[in-house]
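Some notes on the structure that comes next.
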Amino acid sequence: MTRRIEPAPRTAVVIGGGITGLATAALLAREGLEVTVLEKQPVTGGRAGTWQSAGFSFDTGPSWYLMPEVFDHFFRLLGTSAAEQLDLVRLDPGYRVIFEGNAGPVDIAATRDGNVKLFESLEAGAGAKLEKYLDSAVEVYDMAKKRFLYSTFASFLPLLRPDVLRRGPRLAQLLLQPLSSFVAQRFTDPRIRQILGYPAVFLGSSPFTTPSMYHLMSRLDLADGVLYPMGGFTRLISVIADLAAAEGVTIRTGATVTRIRTTEPDPGQRRRKLPRGRRRVRATGVEYTDAAGQLLSLDADLVVSAADLHHTETTLLPRELQTYPDSYWKHRVPGPGGLLLHLGVRGELPSLAHHTLLFTSDWKENFSKIFGRETSVPDPASLYVCRPSATDPGAAPEGCENLFVLVPVPSDPSLGSGGMDGAGDPGIEAMADAVIAQISAWAGIPDLADRITVRKTVGPQDFVQDLNSWRGTLLGPAHVLKQSAFFRGTNASRRVDGLLYAGGSTLPGIGLPMCLISAELVLKRLRGDTSTEELPVPGPKAGHPVGAGPDGRCLSAAAAGVDRMHGAAGSPVQAVLFRRRPAGGAGHGDRPGVFPALGSGRHRPGHLLPRGNPDHARHCPGPAPAPRRGLFPGLPVLPDHGAVRPGINGAAPVRAAPSRTAAGEAVTYWALNAVFLLPAAAVLVFALLRGRRADGGSGSAGTGKGVPAALGITAVVLLLLTAVFDNLMIAAGLFGYNPERISGAFIGRAPLEDFAYALAAVLLLPALWMLLGKKPDTPAAPSAADPGENQ
């Protein structure tokens with residue numbers, strides 16, 4: 001049974017009103033969709049929530065403002081900036097570290113030069129070593145941001161760039177070496193090792209398992225410095241919520257989504273996995289209960305879940321439609337759980353900075369208790385204390401201090417839930433008492449417990465109940481090697497068209513900046529954009545004729561400049577979702593898109609205009625994006641990878657730019673095929689030379705077993721590359737071919753030529769097997785074994 005889709009308006013529903021859900025909704029609305037956000041809690045914010053009591057205002061989650069350029073880029077996509085929306089203060093010191101058994105704390109400076117001097121004071125020669133360490137961190141960070149963080153990994157070909165390939169060996173080393181040993185090779189002072197290793201906790205992991213590539217994190221605090229938004233992180237959430245509302249987003253709180261609705265799967269889908277490109281199931285909306293418990297239904301053409309990915313997959317979808325079923329999660333590594341304390345304290349606490357870290361001396365044992373096979377709560381524990389009242393007077397009443405304490409613990413919901421004023425589970429409250437005593441002793445505040453007037457605890461079970469968190473984890477899946485970058489999964493369902501994912505449990509990972517990038521990746525997936533860099537910032541505001549947003553702003557210069565992706569075609573959303581015929585150019589005609597019922601060719605207000613339309617230049621000014629360089633920069637290539645971009649979840653590929661010449665497309669096609677054929681040719685040449693020597697150097701290329709063996713090896717390589725690796729990449733949607741190039745014939749999503757290669761290799765193998773059985777002086781049949789003719 002297929003739900004009828006009305007021609008207008010286009011709609012989307014976003015599950016979850018945390019920072020990711022709000023950011024995603026704002027970007028989608030600015031793209032021209034009608035968006036509704038459904039949030040389970042009475043207020044938005046999710047993990048980045050807020051709680052007030054007795055004049056204290058507590059942030060309930062994230063409290064570090066790092067990667068400020070990511071925040072600013074997100075705001076600029078919405079036509080504003082971080083400077084316009086937030087009052088940012090640089091913290092000095094950036095943070096304080098108190099070490100167990102050590103006489104004095106270490107204050108991390110606000111500048112790179114200050115930290116070089118600090119490290120030199122801790123260890124002779126460490127200043128110069130830190131310079132090199134930070135140079136490496138800056139280089140890796142810049143490359144990661146340019147090539148990995150903003151990639152959906154829908155195609156790997158954009159990663160085949162000189163800057164990535166040139167650093168391949170070093171990247172492999174950084175991925176395989178843990179951060180702890182990477183730091184230990186350069187520094188001997190245990191305090192420095194702990195300072196440089198602790199950023200792994202921001203990634204939900206341990207420095208002993210986190211890849212050393214993440215030493216890039218040290219750039220953020222030691223070189224760039226730590227900022228704080230006045231008003232707390234609740235101010236950040238309210239700003240993004242206001243921007244979303246200004247774009248026309250509807251936000252419904254107290255709305256618990258119970259099911260993602262889809263079209264009915266065909267009977268065979270319940271028994272087998274459907275091949276890519278043959279999906280018959282599409283998201284049509286959600287069912288949810290409101291605050292009064294009434295079951296409601298909301299239709300939508302697109303569903304984006306910013307909720308916990310495990311919950312989305314295993315609870316909101318039936319088993320046959322799950323991309324990540326329970327069996328998948330059995331092999332995943334969760335980040336740590338958390339014990340949180342919100343404390344209102346009388347009097348001042350000068351021994352605590354805005355950010356203070358307490359590190360135990362038994363560093364490795366502390367992490368093994370959290371992430372090891374047999375877990376337990378560390379005692380004493382390495383922990384984090386935030387005192388926002390040191391910077392923001394609005395965080396606490398006059399003469400009082402606001403403390404937020406985070407203690408990493410195992411991701412185990414059985415540890416229990418917290419409560420108000422000691423009313424939580426006994427185990428949680430006992431841990432909280434021990435933590436308060438530890439802070440009191442280490443920070444020199446002997447009467448801390450007696451001065452507490454407000455106390456609230458939160459345990460791992462609370463994260464399950466309130467946030468549907470997998471295994472009660474505080475942050476999400478840990479950033480170990482098998483859960484980083486493209487190993488972290490995909491932000492699009494493989495079983496349900498029109499279902500996308502966002503948030504810390506999917507790409508690109510954990511942290512508020514990553515959540516904002518995740519929202520942008522939804523937009524990239526929607527457009528079919530496989531580029532690895534951030535989206536271009538829209539042009540300045542203009543009037544509101546056709547093509548401009550409802551508030552008079554150009555909806556998106558990145559989308560309007562679609563020659564970057566689809567030549568002179570219409571909006572990427574139109575091209576991918578609706579198959580509209582582009583203005584002034586050829587199109588797909590009646591080919592269905594993801595939402596064929598919405599595929600009218602009439603341009604409606606609010607839709608994006610193609611770059612070739614004169615209204616675009618008049619109403620959405622801004623420079624056209626520079627043409628992208630392909631795999632072979634000297635050749636005329638199609639966008640990014642010289643091929644048609646696959647649509648969302650296997651939709652028909654988007655037509656290439658009509659301005660490209662057929663010859664240029666053909667060259668690009670064969671350039672891509674060369675990636676697979678050149679290794680086979682190299683093996684052939686090498687094996688032929690070896691074969692001639694094996695035949696006694698007779699000078700006859702057609703005698704003995706050497707040449708047939710060489711051709712046989714070549715056939716095997718050809719078979720593996722073209723019939724297995726190549727087509728698996730196509731089937732996985734990592735890249736696609738232009739259906740009009742070469743044969744123009746497709747079997748599934750793979751061009752006929754690839755199957756011809758495979759057939760040639762298969763036919764060649766038995767013939768060569770027989771040749772290998774002949775006597776050494778029996779001449780081979782070159783014409784039957786010439787892979788060039790078979791190609």
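One is the number of the first residue; the rest follow in order along the sequence. For the numbers below, each heavy atom of this structure counts, side chains included, while hydrogens, waters and symmetry mates do not.
Within the 4.5 Å cutoff, side-chain heavy atoms of S218 are placed close to those of L134. Side chains of F99 and I195 form a contact here, defined as non-hydrogen atoms less than 4.5 Å apart. Contact of the L512 side chain with the L236 side chain is registered, since non-hydrogen atoms from C-beta on lie closer than 4.5 Å. At least one side-chain heavy atom of L474 sits under 4.5 Å from a side-chain heavy atom of L406. Looking only at side-chain heavy atoms (C-beta outward), M431 and V377 come within less than 4.5 Å of each other. Looking only at side-chain heavy atoms (C-beta outward), T60 and L340 stay at 4.5 Å or farther from each other.
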Practice task
Start with the C-alpha distance between T473 and S411, add both sets of side-chain angles, then the distance that settles side chain to side chain donor-acceptor pair (under 3.5 Å), and finish with yes or no.
Solution key: CA-CA 5 Å; T473 178; S411 55; 5.6 Å; no
Exercise for the section: Give the intermediate values and the outcome of side-chain contact (heavy atoms from CB on, under 4.5 Å) for residues V89 and L227. Expected result: CA-CA 5 Å; V89 177; L227 302 178; over 6 Å; no
Practice task
Report the C-alpha distance between R76 and D72 in whole Å, list the side-chain angles of each, state the deciding distance to 0.1 Å, and finish with yes or no for salt bridge (charged side-chain N to carboxylate O under 4.0 Å, His left out).
Solution key: CA-CA 6 Å; R76 291 187 181 279; D72 191 60; 2.8 Å; yes
Handout entry: salt bridge (charged side-chain N to carboxylate O under 4.0 Å, His left out) between E401 and R346, intermediate numbers included
Key = CA-CA 6 Å; E401 299 276 24; R346 292 192 312 270; over 6 Å; no
Handout entry: Intermediate values then yes/no, side chain to side chain donor-acceptor pair (under 3.5 Å), R96 and T356
Key = CA-CA 5 Å; R96 177 171 295 167; T356 303; 5.6 Å; no
Exercise for the section: Would you check, one step at a time, whether the test side-chain contact (heavy atoms from CB on, under 4.5 Å) holds for V70 with I517? Expected result: CA-CA 8 Å; V70 172; I517 295 175; 3.8 Å; yes
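Separating the CD atom in Q194 from the OG atom in S361 is a distance of 8.0 Å, to the nearest 0.5 Å. Put simply, CD1 on I428 and CG on L339 are 5.5 Å apart, with the number rounded to the nearest 0.5 Å. We find the CG-CZ distance between L403 and F56 to be 9.0 Å, quoted to the nearest 0.5 Å. Separation of atoms CG (L216) and NZ (K145) is listed at 12.0 Å; rounding is to 0.5 Å. The structure places CG of L179 at 13.5 Å from NE2 of H479, a figure rounded to the nearest 0.5 Å. For the atom pair Y501 OH and N491 CG, the distance stands at 9.5 Å (nearest 0.5 Å).
In summary, the side chains of T80 and Q85 do present a donor paired with an acceptor at a separation below 3.5 Å, with no hydrogens or angles considered. Side chains of T391 and H354: a donor on one and an acceptor on the other come within 3.5 Å. Using a 3.5 Å distance cut-off with no hydrogens or angles, the side chains of S63 and Y228 do not pair a donor with an acceptor. Side chain to side chain, Y214 and S205 fail the donor-acceptor criterion of an N or O pair below 3.5 Å. Residues E100 and T360 bring no donor and acceptor atom of their side chains to less than 3.5 Å of each other.
In this structure, Q438 contributes its side chain and P380 its backbone to no donor-acceptor pair below 3.5 Å. Listed for the E533 side chain is no donor-acceptor partner under 3.5 Å among the backbone atoms of Y150. No donor-acceptor pair under 3.5 Å is formed between the side chain of T210 and the backbone N or O of V480. Under the 3.5 Å distance criterion, the side-chain polar atoms of S151 are left unmatched by any main-chain donor or acceptor of F148. With N402 contributing its side chain and L343 its backbone, the two residues share no donor-acceptor pair below 3.5 Å. Side chain of S469 to main chain of F463: no donor-acceptor pair is present (N/O by atom type, distance under 3.5 Å, no hydrogens or angles). No donor-acceptor pair under 3.5 Å is formed between the side chain of R471 and the backbone N or O of P410. The backbone N or O of K132 sits nowhere less than 3.5 Å from a side-chain atom of S136 that would complete a donor-acceptor pair. With hydrogens and angles ignored, the 3.5 Å screen pairs no side-chain donor or acceptor of R219 with any backbone N or O of A137. Although no hydrogens or angles enter the test, the distance criterion places no donor-acceptor pair under 3.5 Å between the side chain of E348 and the main chain of G399.
Within 6.0 Å of the CD atom in E374, the count of heavy atoms belonging to other residues, nucleotides or ligands does not exceed 12. Applying the 6.0 Å contact sphere to NZ of K117 captures no more than 12 heavy atoms from other residues, nucleotides or ligands.
For the side-chain contact (heavy atoms from CB on, under 4.5 Å) criterion with F367, the lone passing option out of S382, P378, P408, P207 is P207.
By the 6.0 Å and 45° rule, R186 stacks over the aromatic ring of F182. A cation-pi contact, defined as under 6.0 Å to the ring centre and within 45° of the axis, links K364 to F208.
What you find for P460 and P413 is that their closest heavy atoms are CB-CA, 4.0 Å. When every heavy atom of P508 is checked against every heavy atom of L149, the shortest pair comes out as CB-O, 3.6 Å. Listed here is the closest heavy atom pair of V537 and H73: CG2-ND1, 3.9 Å. In plain terms, the two heavy atoms of L383 and I439 that are nearest each other are CD1-CG1, 4.1 Å. Across every non-hydrogen atom of V407 and A381, the tightest pair is CG1-CB, 3.7 Å. Contact record, N115 with A109: OD1-N, 2.8 Å, taken as the closest heavy-atom pair.
Between F58 and F404, the gap from one ring centroid to the other reaches at least 6.0 Å.
Here Q465 pairs with nothing under the side-chain hydrogen bond (donor to acceptor under 3.5 Å, both in side chains) rule; sequence neighbours left out. Evaluation of the salt bridge (Lys or Arg N to Asp or Glu O under 4.0 Å) rule for R455 yields E429, D433 as partners, not counting sequence neighbours.
Between H215 and Y133, the ring-plane angle classifies as perpendicular under the 30° and 60° cut-offs. Ring orientation note: the planes of F359 and W363 are nearly perpendicular, at an angle over 60° on the 30°/60° scale. Under the 30°/60° scheme for interplanar angles, the aromatic rings of W64 and Y95 are found to stand perpendicular.
The residues E131 and R112 are annotated as salt-bridged, a charged nitrogen and a carboxylate oxygen being separated by less than 4.0 angstrom. Taking 4.0 Å as the cut-off between side-chain N and carboxylate O, R235 and D87 do not count as a salt-bridged pair. Salt bridge E123/R191: absent, no basic N to carboxylate O contact under 4.0 Å. With respect to R167 and E139, a salt bridge is recorded, a charged nitrogen being found less than 4.0 Å from a carboxylate O.
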Indicate every side-chain donor-acceptor pair of residues 414-424 with a distance under 3.5 Å to a residue at least two apart or in another chain.
unit_1: S414; atom_1: OG; unit_2: D412; atom_2: OD1; d: 2.6
unit_1: S414; atom_1: OG; unit_2: D412; atom_2: OD2; d: 2.8

